[in-house]
Amino acid sequence: MNESTNFPDDENGEVLRQMAEQGDDLSVPREIDFSVIFPTEEAALKFAVLLLKNGQKVSFSEYEEGDGLPWQVQAHPYMVPSHENISGYEELLGSEAEVFGGENDGWGCEVQE
């Protein structure tokens, strides 16, 4: 089976497939940026503090593209970009963010060749 077809048929699988097809070495760990958006600054800050207390690297900013969710927190874990790692971390962030009215807004990372 071709390396670029070994991914589940979902949004994360599609992104990882495209990364592999473009020459990204997905076995190389790197910092991955997961975005979570929130309705209020207070909610975003509370979520960011929760992540910080759990040893996560985070960033916080206004988010103009978030319709009704104008605040963004990004978590920056260092990991191998496998489907299991990406989907698992996204699921964890999403369930924790729900308490604060937040929702996942995607992820990205630098290409490693």
Test item: [X] and [Y] side chains (from C-beta on) under 4.5 Å apart, heavy atoms:
| X | Y | value |
| --- | --- | --- |
| Leu26 | Met19 | yes |
| Phe34 | Pro77 | yes |
| Phe38 | Asp105 | no |

#### Entry: Listed once per pair and sorted, the salt bridge (charged side-chain N to carboxylate O under 4.0 Å, His left out) pairs that draw on residues 37-46, sequence neighbours left out
Glu42-Lys46
### Task
Provide the full list of salt bridge (charged side-chain N to carboxylate O under 4.0 Å, His left out) pairs with a residue in residues 48-58, sequence neighbours left out, each pair given once.
Glu31-Lys57
### Query
Who passes side chain to side chain donor-acceptor pair (under 3.5 Å) against Ser61, sequence neighbours left out?
none
### Task
Mind checking side chain to side chain donor-acceptor pair (under 3.5 Å) for Thr40 and listing every partner two or more places apart, or none if nothing turns up?
none
Considering all heavy atoms, the nearest [X]-[Y] contact:
| X | Y | result |
| --- | --- | --- |
| Leu16 | Ser82 | CD1-C, 3.9 Å |
| Ala44 | Trp71 | CB-CB, 3.7 Å |
| Pro8 | Arg17 | O-NH2, 3.6 Å |
| Asp24 | Gln112 | OD1-O, 2.9 Å |
| Pro81 | Val28 | CD-O, 3.5 Å |

Closer than 3.5 angstrom, by distance alone: can the side chain of [X] be matched with the main-chain N or O of [Y] as a donor-acceptor pair?
| X | Y | result |
| --- | --- | --- |
| Arg30 | Glu110 | yes |
| Asp33 | His76 | no |
| Asp25 | Ser27 | yes |

### Message
My understanding is that only residues two or more places apart in sequence, or in another chain, count here; which of them pass side-chain contact (heavy atoms from CB on, under 4.5 Å) with Pro29?
### Response
Tyr78, Val80
#### Entry: Working for side chain to side chain contact (heavy atoms under 4.5 Å, CB included), residues Phe7 and Val15
CA-CA 9 Å; Phe7 302 103; Val15 172; over 6 Å; no
### Message
Is there a path of hydrophobic side-chain contacts, each under 4.5 Å between heavy atoms, that joins Tyr63 and Val49?
### Response
no
#### Entry: Within one Ile-Leu-Val-Met-Phe-Trp-Tyr cluster: Leu51 and Met79, side-chain cutoff 4.5 Å
yes
Side-chain polar contacts of residues 86-103 - donor-acceptor pairs under 3.5 angstrom, sequence neighbours left out - could you list them?
unit_1 : atom_1 : unit_2 : atom_2 : d
Ser87  : OG     : Asn12  : ND2    : 3.1
Ser87  : OG     : His83  : O      : 3.1
Tyr89  : OH     : Gln56  : OE1    : 2.6
Glu90  : OE1    : Asn12  : ND2    : 2.9
Ser95  : OG     : Glu91  : O      : 3.4
Ser95  : OG     : Leu92  : O      : 3.0

### Task
Please step through side chain to side chain donor-acceptor pair (under 3.5 Å) for the pair Glu14 and Gln18, ending with a clear verdict.
CA-CA 6 Å; Glu14 181 60 29; Gln18 289 174 2; 3.0 Å; yes
